Amino acid sequence: MKIGCIVMAAGNARRFGSNKLDARVEGKTLLRRALEAVPASCFARVAVVTQYPQGMELAREMGFLPVENPRTDLGLSHTIALGMAHMQDMDAVLFQVSDQPLLRRDSVERLVEVYRSHPDRLVALGHDGVRGNPCLFPASLFPELLALEGDHGGSAVIRRHEDRLLLVEASPRELTDVDTPQALEVLTGEKTV
């Protein structure tokens, strides 16, 4: 079974006030932390979709496929389409956001293991029955992902297939994404630089 991974790192982060992927936690940027949380051995291919030159460079440095998104104004669906263009030969694709600074690699590994045992299901990390990210989609749902428009992402597809969703328990701190410097400080106890 070939599973791909798309790291979503193209957003404009308007609420953050600057490129939040450059914010640091324990000396590492959010983007580096996101890429270090990817268990590369679980995936046949890892694509990092980003608008930032430093993101492209970091993807290459870590042995991942850099995919440039010069049109972030087209929304989340465009980022998904750019990543999916490199995943059509996969049996499933995991989407990972890059603003969950406390996401752990072993949690992502567990998610992939659960999917391998339930390849007909949608699998996501969650806590107490509430879905979070990352999410893993079987190939049967690729057409729906590619049909998304504007700023709609995988959540729109998941809502249509709630009966197929399987959650893998993770800590709420791991699942927390950060949209503002204040949220990052509250989550990690560190001031953003």
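These figures come from a predicted structure and were not determined experimentally. Side chains are part of it too, since the values below use all heavy atoms of this structure and drop only hydrogens, waters and symmetry mates.
With sequence neighbours left out, Glu144 forms a salt bridge (Lys or Arg N to Asp or Glu O under 4.0 Å) with Arg160. Residues passing the side-chain hydrogen bond (donor to acceptor under 3.5 Å, both in side chains) test with Ser140, sequence neighbours excluded: Arg164. Applying the side-chain contact (heavy atoms from CB on, under 4.5 Å) criterion to Gln54, with sequence neighbours excluded, gives Asn19, Asp22, Tyr52. Asp89 pairs by the salt bridge (Lys or Arg N to Asp or Glu O under 4.0 Å) definition with Lys2, Arg45, not counting sequence neighbours. Shown here are the salt bridge (Lys or Arg N to Asp or Glu O under 4.0 Å) partners of Arg159, two or more places apart in sequence or in another chain: there are none. Applying the salt bridge (Lys or Arg N to Asp or Glu O under 4.0 Å) test to Arg173 and every residue at least two apart in sequence or in another chain returns nothing.
At least one side-chain heavy atom of Gln96 sits less than 4.5 Å from a side-chain heavy atom of Val38. Residues Gln100 and Thr176 form no side-chain contact, since every pair of their non-hydrogen atoms from C-beta on lies 4.5 Å or further apart. Val46 places none of its side-chain heavy atoms less than 4.5 Å from the side chain of Leu65. Between Leu175 and Leu125, some side-chain heavy-atom pair lies under the 4.5 Å cut-off. The shortest side-chain heavy-atom distance between Arg116 and Met1 falls under the 4.5 Å cut-off.
A donor-acceptor contact shorter than 3.5 Å links the side chain of His127 to the backbone of Ala170. Side chain of Asp151 to backbone of Leu76: a donor-acceptor contact under 3.5 angstrom is found.
Shown here for Ala124 and Cys135, the closest heavy-atom pair between the two residues is CB-SG, 3.6 Å. For Val48 against Ala9, the heavy-atom pair with the smallest separation is CG1-CB, 4.3 Å. Phe142 approaches Asp91 most closely through the heavy-atom pair CZ-C, 4.4 Å. What you find for Leu31 and Gly55 is that their closest heavy atoms are CD2-CA, 3.5 Å. Closest approach of Leu146 to Ala81, counting heavy atoms only: CD2-CA, 4.2 Å.
Linking ILVMFWY residues whenever their side-chain heavy atoms come closer than 4.5 Å, directly or via other members, leaves Val67 and Leu35 in distinct clusters. Taken together through direct or relayed side-chain contacts under 4.5 Å among Ile, Leu, Val, Met, Phe, Trp and Tyr, Val112 and Ile6 form parts of separate hydrophobic clusters.
Arg105 and Glu36 are not joined by a salt bridge, as no carboxylate oxygen comes within less than 4.0 angstrom of a charged side-chain nitrogen. A salt bridge links Glu61 with Arg32: the distance from a Lys NZ or Arg NE/NH1/NH2 to an Asp or Glu carboxylate oxygen falls below 4.0 Å.
Between Leu102 atom CG and Asp177 atom CG the span is 11.5 Å, to the nearest 0.5 Å. Atom-to-atom distance recorded for Leu30:CG and Leu103:CG is 11.0 Å, nearest 0.5 angstrom. The SG atom of Cys5 sits 9.5 Å away from atom CZ of Phe95, with the distance rounded to the nearest 0.5 Å. Atom CG of Leu111 is separated from atom CG of Asp106 by 11.5 Å, given to the nearest 0.5 angstrom. Once rounded to the nearest 0.5 Å, the distance linking CG of Leu74 with CG of Asn69 reads 7.5 Å.
The number of heavy-atom neighbours closer than 6.0 Å to CD of Glu169, taken from other residues, nucleotides and ligands shown, is above 12. Under a cut-off of 6.0 angstrom, the local environment of CZ in Arg121 is crowded, with over 12 non-hydrogen atoms contributed by other residues, nucleotides or ligands.
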Decide side chain to side chain contact (heavy atoms under 4.5 Å, CB included) for His161 and Leu141; before the verdict, give the C-alpha distance in whole Å, the side-chain angles of both, and the deciding distance to 0.1 Å.
CA-CA 9 Å; His161 300 279; Leu141 296 178; 3.5 Å; yes
How far apart are the C-alpha atoms of Leu94 and Val108, what are their side-chain angles, what is the distance that settles it, and do they pass the side chain to side chain contact (heavy atoms under 4.5 Å, CB included) test?
CA-CA 9 Å; Leu94 179 137; Val108 182; 4.2 Å; yes
Given Ser155 and Arg131, is the side-chain hydrogen bond (donor to acceptor under 3.5 Å, both in side chains) satisfied, shown in steps?
CA-CA 10 Å; Ser155 292; Arg131 181 183 59 81; 2.9 Å; yes
Assess whether side chain to side chain contact (heavy atoms under 4.5 Å, CB included) is satisfied between Thr50 and Met56, documenting all intermediate values.
CA-CA 7 Å; Thr50 184; Met56 301 280 286; 3.8 Å; yes
For Ile158 and Phe137: C-alpha separation, side-chain torsions, deciding distance, then whether side chain to side chain contact (heavy atoms under 4.5 Å, CB included) applies.
CA-CA 9 Å; Ile158 293 170; Phe137 294 78; 3.8 Å; yes
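Checking Arg33 against Ser98 by side-chain atom types alone, no donor-acceptor pair falls below 3.5 Å. Looking at Ser77 and Glu149, their side chains never bring a donor and an acceptor atom within 3.5 Å of each other.
Checked against Val157 for a side chain to side chain contact (heavy atoms under 4.5 Å, CB included), the options Leu145, Leu122, Ile80 give a single hit: Leu145.
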